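None of the values given here were measured: they were computed from a predicted structure.
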Amino acid sequence: MKAKYSLGILGLGVMGRSLARNFARNGYQPVGYDLYPKIPDDFDVKIVKTVEELVAALTPPRTFFLMVPAGDPVDEAIASLKPHLSKGDLIIDGGNSHFTDTERRVKELESDGILFIGMGVSGGESGALWGPSMMPGGSKEAWPRVKAMFEAISAKADDGKPCVAWMGAGGAGHYVKMVHNGIEYGDMQLIAEIYDLLHRGAGISNAELADIFARWNTHELSSYLIEITAKILRLIDEETGKTLVDVILDEAAQKGTGKWASQTALDTGAPIPTINAAVESRLLSALKDERVKAAKVLGSAKKFTGDKEALVAAAEQALYASKITSYAQGMSLLKMASEEHSWDLDLSQIVSVWRAGCIIRASLLGDITNAYRRNSDLPNLLLDGAFTQAVLSREAAWRQVVQTAAGLGIPLMAISDSLAYFDAYRSEVLPANLTQAQRDFFGAHTYRRIDRQGTFHTQWEKLLAS
């Protein structure tokens, strides 16, 4: 006889309730519990009042899905469950936990015979309800138990394939989600910078920009973020009669996953300047009072007086080239992390999972998936023939946009850093020889030579004095 409930969900906030309804709609009836329930009247999923009732409602081996805030709340939820669990029970953390916490929890729970999955879930409230993109990792033996269930509730790409796949052991799932969020930060910042250049710099109205972004969404830039940008730029604030985006304070908040990507990339040794610039741009945006004062002292941006149509056309090309470069950085970070942590990440599979349901879903992802299917050992996305040509054919427009913005005083931190990354990555020679000479001069850090093997140190001051 089939058990009445397929899983227990701890945490019935917006995301938890949406996922519960998704599971129920797809034939996996959940039972829910929340420590501080605030449940709307139309929520039709069974709710219990205690952890003991939640555990008792499920038949071993049990599956529990945690939808609670990352950090201590996850550990507290696990601690509340543990006294009631049996070997073979499974706990799934669907929040934005740091991957190192997931690694720890996998080890701690497996020592007690309890399985653990740390899973990134992307798509927001709508995705959770109608089909998210999901990135599970952790206890490998747990995947066959939940595979069919997760595939049922996941988003489906245009080819019908579910947007969920096993990422790898330990914290691999949450790591992939962290990088996904870093790419999301970069993507949003790139779009915001183009908007700023065309709106504040070139004086193009929001209504016109809405049409421009809507048009871009029918071509190679087609994506969820471009789509919603067009919609945002159309909405009028009923109170003021202005475009709503113009009355929103220019301070961007962040929950930390983008910052984690930057911090982790530094530890790994992976250059991701576009994502870093996006994080730094949000930090700068928070300095609102300082920026207002600085504008009065340091002046403000100039107005563009050239050909606006030509600038719009160049902006489209620069945005696409920057987007490719941002993905190249994110995928390189995943590749390096996979080697560092022995995760054996499948990059084509990861990108395939992002094709629907998640915030960064875009037509571009199909091309990236194919690039890694053509060459699973591709060191950098920019070296795939299709993307090499895509970027090189847009290089002139890319530089034009950066130069125009620099002349006007419009900051394009992410777009400029994307171009700088492109230039640095393709530079056979970089000035790091001088940097290494300086390090050896003041700290005897040694250096290598281009004409012989070995490590060398020069007595710089002694030789210069002789």
Evaluate the criterion side-chain contact (heavy atoms from CB on, under 4.5 Å) for residue pair Asp384 and Ile368; output intermediate values, then yes/no. CA-CA 9 Å; Asp384 175 79; Ile368 298 177; over 6 Å; no
Nearest non-hydrogen partners of Ser285 and Arg291, listed with the distance: O-NH2, 2.8 Å
May I have the step-by-step check of side-chain contact (heavy atoms from CB on, under 4.5 Å) for Leu10 and Met67, ending in yes or no? CA-CA 6 Å; Leu10 284 79; Met67 288 304 298; over 6 Å; no
Can a salt bridge be assigned to the pair Lys161 and Glu151 using a cut-off of 4.0 Å between side-chain N and carboxylate O? no
Check this for me: does any side-chain nitrogen of one of Arg361 and Asp158 sit under 4.0 Å from a carboxylate oxygen of the other? no
Asp344, CG: over 12 other non-hydrogen atoms inside 6.0 angstrom: no
How many angstroms lie between CD in Glu220 and CD in Gln317, if you round to the nearest 0.5 Å? 6.0 Å
Phe23 and Phe65: CA distance, side-chain angles, deciding distance, ring pair (Phe, Tyr, Trp, His ring centres under 6.0 Å) verdict: CA-CA 11 Å; Phe23 279 118; Phe65 203 121; 5.8 Å; yes
Should Phe442 and Trp460 be marked as a ring pair (Phe, Tyr, Trp, His ring centres under 6.0 Å) after you check the CA-CA gap, both sets of side-chain angles, and the distance that decides it? CA-CA 9 Å; Phe442 65 69; Trp460 297 87; over 10 Å; no
Measure the spacing between CG of Asp211 and CH2 of Trp216 and express it to the nearest 0.5 Å. 12.0 Å
I'd like to know whether Trp343 forms a ring pair (Phe, Tyr, Trp, His ring centres under 6.0 Å) with Tyr175, so could you lay out the CA-CA distance, the side-chain angles of the two residues, the decisive distance to 0.1 Å, and finally the verdict. CA-CA 10 Å; Trp343 282 332; Tyr175 194 100; 5.1 Å; yes
For the side-chain contact (heavy atoms from CB on, under 4.5 Å) test, which of Val351, Ile183, Ile350 pairs with Leu334? Ile350
Take Asp237 and Thr240 through the side chain to side chain donor-acceptor pair (under 3.5 Å) test and state the conclusion after the steps. CA-CA 6 Å; Asp237 178 43; Thr240 63; 2.8 Å; yes
Report yes if the distance between the aromatic ring centroids of Phe99 and Trp260 is under 6.0 Å, otherwise no. no
Under 4.5 Å between any side-chain heavy atoms of Val74 and Asp101, yes or no? no
Is the shortest side-chain N to carboxylate O distance from Arg200 to Asp196 below 4.0 Å? yes
Distance to the ring centre below 6.0 angstrom and angle to the axis at most 45 degrees; does that hold for Arg448 and Phe456? no
